[in-house]
Amino acid sequence: MAHDTTVQTAGHDEHHHESPVVFGFWVYLMTDCIIFGSLFAVFAVLHNQVNGGPSGRDLFEYKGLAEETALLLISSITYGFGMIAAHKNEVSKVIMWLGVTFLLGLGFVGLELNEFAHMIHEGNGPDRSAFLSSFFTLVSTHGLHVTCGLIWIVTLIVQLMGTTEIPERMMSKLTCLSLFWHFLDIVWICVFTYVYLASMI
Amino acid sequence: MSDLHTSPSGESHGSVSSYIIGFVLAVILTAAAFGVVVSHSLSPSGTLTALAVLAFVQVLVHLHYFLHMGNGSEQRWNNMCFFFTVGFVVILIIGTMFIMNNTALHMMSR
């Protein structure tokens with residue numbers, strides 16, 4: 001009985017130090033959250049400073065926004081299925097779901113770049129007004145994060161290829177990327193709500 | 001034994017059904033946000049409030065179903081970091097907007 005308790009407390013204690021990698025990555029995400037918070041604050045201050053140029057209402061379209069949002073949202077659940085497969089140690093399924101997530105993320109970045117190219121082509125680049133500067137900074141910072149996530153997914157797929165089981169180290173890498181990917185989806189919720197939809201009212 | 005080891009020590013992870021529940025809720029909330037703006041059925045300030053509420057709820061849904069945040073003792077430090085950051089960001093955004101609006105008012109720039 002007494003022995004049991006000590007084992008349990010030891011196990012419990014050990015747990016707090018068991019995944020310092022994942023906790024450390026969580027702390028990084030929180031600092032990232034502050035970066036996005038600052039960029040949202042800048043956008044909130046500057047979104048009316050259009051300098052005679054177009055406002056969000058003139059620029060943004062529902063169709064592209066809905067497509068981007070759908071791709072990112074679906075990629076969130078496909079990554080989730082990948083994590084479930086990882087916990088069951090099914091390497092080929094993990095690779096398959098990571099691949100699907102990669103393609104969806106790639107589609108998102110493609111649509112976003114297309115939207116940016118279209119805006120810049122029409123003379124509404126980041127140099128047009130303070131509103132557009134803050135818009136491009138905020139949205140492209142998010143896009144850059146997604147691109148980093150894509151590189152990370154490819155790296156993990158390559159590392160998983162040819163292995164038959166998922167060691168502890170690999171599991172924490174997958175968990176970190178899971179946090180990163182879902183975090184980016186949360187940032188996108190704020191972007192499509194406060195940047196896009198709020199200026200289309 | 002191995003089950004006992006993996007479930008409390010690994011990060012808490014969802015099941016297929018919890019991911020699907022989260023996904024369905026997220027889709028409904030996203031569609032509602034688009035619907036409110038597209039339909040123009042509310043006043044501008046009403047639409048903005050509705051959007052803010054929908055986004056807030058959707059963030060909570062994602063945190064719960066996708067990031068698996070909970071109030072277990074093993075997540076205490078994660079949660080502490082999280083709430084510190086949320087407080088920090090709220091002060092940052094509201095403070096910035098207040099100061100910049102106030103400055104603009106005094107400079108008579110709008």
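The shortest non-hydrogen separation linking Val59(B) to Cys190(A) is CG2-SG, 4.5 Å. Pairing each heavy atom of Leu92(B) with each of Gly37(A), the nearest pair is CD2-C, 3.8 Å. Residue Phe23(A) comes nearest to Cys81(B) through the heavy atom pair CZ-SG, 4.2 Å, listed as atom of the first residue, atom of the second, then distance.
Considering CE of Met69(B) and NE2 of His182(A), their distance stands at 14.0 Å, rounded to 0.5 Å. Interatomic distance, OG1 of Thr47(B) versus CE of Met200(A), reported as 13.0 Å (0.5 Å rounding). Once rounded to the nearest 0.5 Å, the distance linking CZ of Phe84(B) with SG of Cys33(A) reads 11.5 Å. A distance of 12.0 Å separates CD1 of Ile189(A) from CZ of Phe56(B), quoted to the nearest 0.5 Å.
At a 4.5 Å heavy-atom cutoff, the contact between Leu63(B) and chain A is made by backbone and side-chain atoms alike. Proximity to chain B is limited to the side chain of Tyr194(A), based on heavy atoms less than 4.5 angstrom apart. Heavy atoms closer than 4.5 Å to chain B are found in both the backbone and the side chain of Thr193(A). Of the atoms belonging to Ser172(A), not a single heavy atom falls under 4.5 Å from chain B. Contacts of Phe66(B) with chain A are made by both backbone and side-chain atoms, with heavy-atom separations under 4.5 Å. For chain A, the nearby parts of Val38(B) are the backbone and the side chain; heavy atoms of each come within less than 4.5 Å. Heavy-atom distances place no part of Ala31(B) under 4.5 Å from chain A, backbone and side chain included. With a 4.5 Å cut-off on non-hydrogen atoms, Ala70(A) does not touch chain B at all. For a residue to count as touching a neighbouring chain, one of its non-hydrogen atoms must lie under 4.5 Å from one of that chain's; by this rule Val27(B) touches chain A with backbone and side chain alike.
Side-chain atoms of Leu73(A) and His62(B), non-hydrogen and from C-beta on, do get closer than 4.5 Å to each other. The closest side-chain heavy-atom distance from Val37(B) to Tyr62(A) is below 4.5 Å.
Around CG of Asn71(B), the count of heavy atoms belonging to other residues, nucleotides or ligands within 6.0 Å does not exceed 12. Residue Phe88(B) qualifies as open at atom CZ: its count of foreign heavy atoms under 6.0 Å is 12 or below. By the 6.0 Å contact criterion, CD on Gln159(A) is enclosed, its count of non-hydrogen atoms from other residues, nucleotides or ligands being greater than 12.
With chain A as partner, the option from Val89(B), Leu51(B), Thr96(B) having the largest number of non-hydrogen pairs under 4.5 angstrom is Leu51(B). Among the candidates Leu54(B), Ile20(B), Val86(B), the residue making the largest number of heavy-atom pairs closer than 4.5 Å to chain A is Ile20(B). Of the residues considered (Ile34(A), Ile74(A), Val42(A)), Ile34(A) shows the highest number of contacts with chain B, using heavy-atom pairs under 4.5 Å. In terms of heavy-atom pairs under 4.5 Å with chain B, the best-connected choice from Leu65(A), Ile186(A), Asp185(A), Ile77(A) is Ile77(A).
The aromatic ring centroids of Phe192(A) and Phe34(B) lie less than 6.0 Å from each other.
Relative orientation of the Trp26(A) and Phe82(B) rings is tilted, given thresholds of 30° and 60° on the angle between their planes.
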